[in-house]
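Take a look at the structure set out below.
Atoms within each ligand, like the ligands themselves, are counted from 1 in listed order.
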Amino acid sequence: MPADTTKSPLAAGLLDIESLERSEIEAILERARFFQPLPNETYRRLDSLRGKTIVNLFFESSTRTRVSFEIAARRLGADTISIAAQGSSVSKGESLVDTLNTLVAMRPNAVVMRHSASGAPHFLAKHLQIPIVNAGDGTHEHPTQGLLDALTILDRRKSLENLRVAIIGDIAHSRVARSDIHLLAKFGAEIVLCGPPSLVPVELAELAPGVHISYYMKEAIRDVDVIMMLRVQLERQHEAPMAASEYFRFFGLQLEHLALARPEVIVMHPGPINRGRELSSDVADSQRSAILNQVENGVAVRMAVLERILA
Ligand code: NCD
């Protein structure tokens, strides 16, 4: 299947899911399905981005997202350069704008960036003439994670329409939750947010239509199609956190919980996972878990996104 050659709304980059049309999400997911490898195969190697250079600029730690963007770009024939803030001039006091201007002067074709400040990529996109792909900005959004989560659900369900989804954990600090909520709400999902009140403030119910809050796990996961667990983001919390064992007792996903959900429930987690805090090992490694499928789908989704931006 050739790439769609009409000008994509992504030509200026991908900053968030909230402002994407549902039709654009569908187009990305359809193209990502084309890139998904068969079992025991690797991703196809194309040369649609040959001659293009993509800079991956990560101001926060990352394993999955950074490697996955890099593999995706290379599978499309692009050259990639990955910069971690620790080893760059940022650690010498250079401002974000100066760092970006310096990189842009070397004429890459796109910048993929992760930053601890919500809105950092949006700010830069206004000031620089280069497509920017948001790989996670503070507690705001992580659009390619939202897309890969949708693709993972589609691997196990016929459609994204009208799902019942529970998102459990540290929602206050989760950019993944925000991207997932915006995406699934565009397809009519009913979404229950659950976690300790300090990590699930009531105003989160205003994020999108169909979002509710429950502070009880057993209530939140009743009859859901998808359970998304989230990491407790200790690095973003200012108050003393709950002990891991106490958190697990109230908000950790255990095998017996799964019986309350729909029989074919999908368990997801963006990673990195903390066994014994957010979920038990037998859930993480169970047939119901799609955690490694999410990682796998990250490459296909990022190929589709980079191609729509640059091809
Ligand atoms: C997430 C992130 O960085 O937002 N991880 C990821 O990209 N897969 C979630 C997290 O760090 O907990």
Regarding Asp225 and Arg262, does a basic nitrogen lie under 4.0 Å from an acidic carboxylate oxygen? yes
Consider only side-chain N and O atoms of Glu278 and His269, and report whether a donor and an acceptor are under 3.5 Å apart. yes
Hey, are Asn134 and Asp137 close enough side-chain-wise for a donor-acceptor pair under 3.5 Å? yes
Counting only non-hydrogen atoms and a 4.0 Å cut-off, the residues near ligand 1 are Arg64, Thr65, Arg114, His142, Gln145, Arg175, Val176, Arg231, Gln233, Pro270, Gly271, Pro272
Let me know which of Arg175, Arg178, Arg114 forms a side-chain hydrogen bond (donor to acceptor under 3.5 Å, both in side chains) with His142. Arg114
Taking side-chain hydrogen bond (donor to acceptor under 3.5 Å, both in side chains) as the criterion, tell me which of Gln36, Arg33, Gln294 meets it with Asp155. Gln36
Does a donor on one side chain sit under 3.5 Å from an acceptor on the other, for Arg236 and Thr139? no
